[in-house]
Amino acid sequence: MPPDLLILGQATIDHVVPARPGPWRVQMGGNFLYAAAGARLWLEPARIGVVTRRGRGYPFALEETLARAGIEAHSVAEVEVDHLVEWLLYEDDGARQALPRNPELCRAG
């Protein structure tokens, strides 16, 4: 059965940099993930589908993560470019900056 909501978005590799000295965390991120998580607040997971892409070097089990949440990965396109990496830099006051590590992947073209 087709989903009632189809999310089209990017997957990222997020490097979370804390405000105070400490280890960086590397985690799955991207607008597809956050949109799917938000959609689960209003819809049953089986009604949500995801379309995204995966570049070279993506270290996370994307389809398995979605399946554990009850969401189907309708299409995950494998592309022959490095995967988008973002640094999330946190400040003491809770502010955050997101910087693409490989900005050439953010350009349309």
Side-chain angles (χ1 to χ4, degrees):
M1 182 161 96
D4 293 321
L5 176 66
L6 188 60
I7 295 169
L8 311 172
Q10 71 182 16
T12 61
I13 300 170
D14 290 351
H15 289 248
V16 181
V17 182
R20 298 184 183 254
W24 288 23
R25 291 188 328 265
V26 178
Q27 62 190 36
M28 180 187 300
N31 56 15
F32 94 95
L33 183 65
Y34 308 121
R40 288 195 68 213
L41 296 173
W42 289 277
L43 295 174
E44 293 298 319
R47 297 176 59 196
I48 303 166
V50 169
V51 174
T52 191
R53 68 179 200 143
R54 177 176 31 232
R56 289 188 301 256
Y58 193 71
F60 306 106
L62 192 148
E63 292 92 344
E64 291 84 355
T65 300
L66 288 171
R68 281 195 308 273
I71 298 172
E72 183 176 345
H74 279 266
S75 177
V76 178
E78 302 291 338
V79 293
E80 286 301 317
V81 296
D82 291 336
H83 204 82
L84 182 60
V85 175
E86 287 192 316
W87 288 352
L88 304 176
L89 310 173
Y90 282 86
E91 304 291 339
D92 282 330
D93 66 359
R96 178 185 85 172
Q97 294 182 54
L99 302 171
R101 176 66 179 112
N102 39 6
E104 68 279 3
L105 298 177
C106 299
R107 292 188 195 100

Enquirer: Verify the cluster assignment for L6 and F32: are they in a single hydrophobic cluster under the rule of side-chain heavy atoms below 4.5 Å apart?
Expert: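 Cluster IDs for L6 and F32 differ.
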
Enquirer: Restricting to non-hydrogen atoms, name the atom on R53 and the atom on V79 that form the minimum distance, rounded to 0.1 Å.
Expert: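 For R53 versus V79, the nearest heavy atoms are NH1-CG2, 3.6 Å.
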
Enquirer: side-chain contact (heavy atoms from CB on, under 4.5 Å) between I13 and R101: does it pass, once the steps are laid out?
Expert: CA-CA 10 Å; I13 300 170; R101 176 66 179 112; over 6 Å; no

Enquirer: How are the rings of W24 and W87 set to each other: parallel, tilted or perpendicular (split at 30° and 60°)?
Expert: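 Perpendicular: the ring planes of W24 and W87 meet at over 60°.
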
Enquirer: Count the heavy atoms of every other residue, nucleotide or ligand shown that sit under 6.0 Å from CD of E63, and state whether that count exceeds 12.
Expert: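 Enclosed: over 12 neighbouring heavy atoms sit under 6.0 Å from CD of E63.
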
Enquirer: So, for T12 and G30, which heavy atoms are closest and what is the spacing to 0.1 Å?
Expert: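 Heavy atoms only, the tightest pair is OG1-N, 3.0 Å.
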
Enquirer: Hey, are the side chains of E72 and L66 touching, using non-hydrogen atoms and a 4.5 Å cut-off?
Expert: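 A side-chain contact under 4.5 Å is absent here.
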
Enquirer: Counting N and O atoms only, with roles assigned by atom type, does the side chain of D82 sit under 3.5 Å from a partner on the main chain of R56, one being a donor and the other an acceptor?
Expert: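 Side chain of D82 to backbone of R56, a donor-acceptor pair under 3.5 Å: no, none is there.
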
Enquirer: Let me check something: do F60 and Y34 share a hydrophobic cluster, defined by ILVMFWY side-chain heavy atoms less than 4.5 Å apart, either directly or through other members?
Expert: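 Yes, F60 and Y34 fall within the same hydrophobic cluster.
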
Enquirer: Does any N or O in the side chain of R54 come within less than 3.5 Å of the main-chain N or O of E78, such that one atom is a donor and the other an acceptor?
Expert: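 No: the side chain of R54 does not pair with the backbone of E78.
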
Enquirer: Distance-only, no hydrogens or angles: does the H83 side chain make a donor-acceptor pair with backbone N or O of A11 under 3.5 Å?
Expert: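 Here the side-chain-to-backbone pair exists.
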
Enquirer: How long is the straight-line distance from NE2 of H74 back to OG1 of T52, given to the nearest 0.5 Å?
Expert: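 One finds 13.5 Å between OG1 of T52 and NE2 of H74.
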
Enquirer: Check A39 against L5 and note the closest heavy-atom contact, atom names and distance.
Expert: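 Closest approach of A39 to L5: CB-CD2, 3.6 Å.
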
Enquirer: For G49 and P3, which heavy atoms make the closest approach, and how far apart are they?
Expert: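 Minimum heavy-atom contact is N-CB, 3.6 Å.
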
Enquirer: Any side-chain to backbone donor/acceptor pair from D93 onto A95? Under 3.5 Å, distance only.
Expert: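 Judged by distance alone, yes, a pair lies under 3.5 Å.
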
